[in-house]
Amino acid sequence: MQDNKLNKKQEETKGETNVSPLSLQNIYSRINISVKTLDRIILILILGLVVVLIIGLNNRGFIVEFDCQGGTSIEPIKKMYGETIGDITTSRQGYKFDSWALDQACTNKWSNDSEITNSIKLYACWIEE
Amino acid sequence: MEKKFDKKKILDLLLNNAMYIIIALLVVYVAIKRPKFLGIASIINIISLTASKLPMALGIAGCIVLAGTDISAGKIVGLNACITASLLTTVYKIWPNMTAPFPIPVVLLIVLCVGGLIGLFNGFCVAQFDLHPYIVTLSTQLIIYGIILIYMMLGTNNGMALSGMTEEYKQLITGPLFNIGTVRVPRYVFYALCFVGLMWVIWNKTTFGKNMFAVGSNKVAAEVSGVNVKKTIMMVFTLAGMMYAITGFIDAARVGSANATTGLNYESDAISACVIGGVSFVGGTGKISGVIIGVLLLQVIFAGLNFLSVNANLIYIVKGLIILIACAIDMRKYLTKK
């Protein structure tokens with residue numbers, strides 16, 4: 001009896017031009033592409049990925065930007081994974097340089113010995129003299 | 001004839017597993033160039049990153065099993081991260097009238113409600129109005145982004161990043177679960193495992209889970225069999241919304257701050273992880289173990305590229321290509337089965 005119900009429902013939906021938008025399987029079933037062509041597309045995409053990786057490996061390095069928040073500006077530097085920023089400081093009239101931080105409010109401090117693991121922006125933290 | 005058949009079999013094997021082969025080769029390359037990549041610290045870092053992305057991937061996997069998608073996921077994560085950061089903070093910028101941070105369970109409940117409601121809205125639009133999930137979640141994504149921008153301008157914050165979370169909250173999420181040598185495993189790894197267990201039970205041992213697969217496989221047959229298709233769709237999206245909310249709740253502590261761009265492009269990682277792990281866009285197919293493997297493999301790729309100091313901007317291109325390759329392979333598997 002359930003088979004009859006299923007057949008009836010499928011008959012009802014057969015004539016409809018609006019297929020259920022939830023089901024992507026209808027979109028897949030309408031694809032008119034051979035497996036061979038799809039294989040070629042996959043290989044081209046993989047080749048593209050390899051090319052991008054090679055380009056990436058030849059241009060390595062994370063950019064460390066400095067927002068001196070009123071102090072003497074510092075140009076961004078390039079560092080590799082695991083390196084530190086070293087003894088980079090800045091100066092500002094009437095203030096003493098405290099440390100670098102990952103946020104403008106200086107709640108997340110960054111030590112000069114901390115290892116770089118990504119491109120970051122460091123904000124200068126100041127103590128009023 | 002036999003030789004041709006063998007060649008076809010090998011080609012099938014290589015192409016269907018192309019992603020795994022690429023990842024294996026990359027791991028070998030990185031391990032040779034940077035042996036520290038296979039060290040304890042690096043492995044725990046990869047496991048931790050996997051754990052942080054897992055709840056979201058588990059949520060979005062449900063939407064993909066329904067043969068749909070959810071591109072509002074990242075923004076839901078961002079919104080809930082911002083709400084968490086604004087309520088569990090020692091610096092009252094969004095709500096200057098606050099005198100103390102909210103209790104953690106209350107904030108968790110708030111974000112679950114927010115995430116769940118947004119998910120329910122998504123599911124409602126998809127189920128009741130028969131709108132494509134891509135369109136619905138694209139719209140929701142933009143609406144939520146607007147809400148985030150407005151929320152971040154409240155009080156005295158003026159759109160700045162929120163930080164200064166309470167020590168109790170940070171300890172709850174990122175505090176040490178246990179140490180392996182000098183490297184500590186954060187607590188959210190344990191929470192992620194709990195969610196994996198919960199989702200496995202939901203997917204495999206509940207009527208709702210069976211209904212989800214039935215609707216994803218064949219909506220018409222499911223309806224005829226007595227499944228409340230609309231209710232199932234709404235519940236899947238609601239559950240997904242709650243999982244995104246949990247991800248946001250964890251992320252605010254893990255990252256240490258939240259801003260308007262928190263959660264940006266998270267959904268692309270989650271979707272590609274699901275597809276790599278075998279959750280097909282065709283619908284009705286997927287395993288929790290597949291989702292875990294997909295997320296883990298993706299984190300291995302990104303951690304490996306990070307170790308090699310590959311520019312983060314290039315990694316976006318890599319991510320896009322990985323999604324394309326994973327989808328093409330998914331399509332190939334469907335066409336060869338046909």
Side-chain angles (χ1 to χ4, degrees), chain A residues 2-10 12-13 18 20-29 31 33-36 38-39 41-53 55-63 78-83 101-108 116-120, chain B residues 11 15 18 22 26 34 36 45 66-69 90-91 126-127 130-135 160-161 163-164 215-221 223-225 229 233 256-257 281-284 305-315 317-318 321-322 324-325 328-332 334-336 338:
Chain A
Q2 263 195 350
D3 281 340
N4 287 337
K5 263 190 188 171
L6 177 59
N7 289 337
K8 195 178 173 188
K9 190 81 186 182
Q10 283 177 332
E12 279 171 12
T13 54
N18 296 329
S20 166
L22 183 63
S23 179
L24 274 174
Q25 64 210 55
N26 293 311
I27 296 171
Y28 265 22
S29 60
I31 288 168
I33 190 173
S34 68
V35 177
K36 226 177 183 176
L38 193 56
D39 287 351
I41 291 170
I42 292 171
L43 286 169
I44 290 168
L45 287 171
I46 290 171
L47 196 65
L49 181 64
V50 169
V51 167
V52 168
L53 286 173
I55 293 170
L57 292 171
N58 285 331
N59 295 288
R60 297 191 297 150
F62 298 126
I63 305 294
K78 208 177 204 181
K79 289 284 174 186
M80 294 296 164
Y81 185 95
E83 290 183 347
L102 291 168
D103 60 324
Q104 274 179 301
C106 292
T107 55
N108 208 351
I116 307 281
T117 58
N118 224 323
S119 292
I120 51 171
Chain B
L11 186 68
L15 283 173
I22 291 168
L26 184 69
R34 300 284 302 256
K36 267 190 176 178
N45 180 46
L66 285 184
T69 186
T90 52
V91 183
V126 169
D130 245 1
L131 294 170
H132 199 288
Y134 182 84
I135 300 297
M160 307 286 274
S163 54
V215 170
S217 297
N218 190 329
K219 194 180 164 198
V220 169
E223 203 163 13
V224 162
S225 307
V229 170
I233 292 169
S257 70
F281 275 127
V282 167
L305 293 176
N306 214 23
F307 247 77
L308 296 172
S309 310
V310 171
N311 195 314
N313 298 333
L314 218 67
I315 290 180
I317 302 176
V318 171
L321 285 168
I322 285 172
L324 277 175
I325 294 169
I329 292 170
D330 182 44
M331 202 186 297
R332 188 184 189 277
Y334 172 78
L335 289 177
T336 47
K338 240 177 73 175

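Naming convention: chains lettered A, B, ... in sequence-line order (proteins, then strands); numbering from 1 in each chain. The structure presented is a predicted model; accordingly, all values stated were derived computationally and were not measured.
Among I63(A), I41(A), L57(A), N108(A), the residue making the largest number of heavy-atom pairs under 4.5 Å with chain B is L57(A). Of the listed residues I329(B), N306(B), V318(B), the one with more heavy-atom pairs under 4.5 angstrom with chain A than any other is N306(B).
Summarising the geometry, atom CG belonging to N118(A) is positioned 7.0 Å from atom CD1 belonging to I315(B); distances are rounded to the nearest 0.5 Å. Note that the CD1 atom of I317(B) and the CG atom of L49(A) stand 11.0 Å from one another [nearest 0.5 Å].
Using a 4.5 Å cut-off on side-chain heavy atoms (C-beta onward), L15(B) and L43(A) make contact. Within the 4.5 Å cutoff, side-chain heavy atoms of I46(A) are placed close to those of I22(B). In this structure, the side chains of L335(B) and I33(A) come closer than 4.5 Å at one or more pairs of heavy atoms.
Side-chain atoms of S163(B) and D103(A) include a donor-acceptor pair closer than 3.5 Å.
Using a 4.5 Å cut-off between heavy atoms, L38(A) contacts chain B through its side chain alone, with no backbone atom that close. Contacts between L11(B) and chain A at a heavy-atom distance below 4.5 Å involve the side chain alone, from C-beta outward.
Put simply, the side chain of R332(B) never gets that close to the backbone of D39(A): no donor and acceptor are under 3.5 Å apart.
Contact between G164(B) and T107(A) at its shortest, heavy atoms only, is N-OG1, 4.1 Å. The heavy-atom pair separating G56(A) from L314(B) by the smallest distance is CA-CD2, 2.9 Å. Nearest approach of S309(B) to Y81(A), heavy atoms of both residues: OG-N, 2.7 Å.
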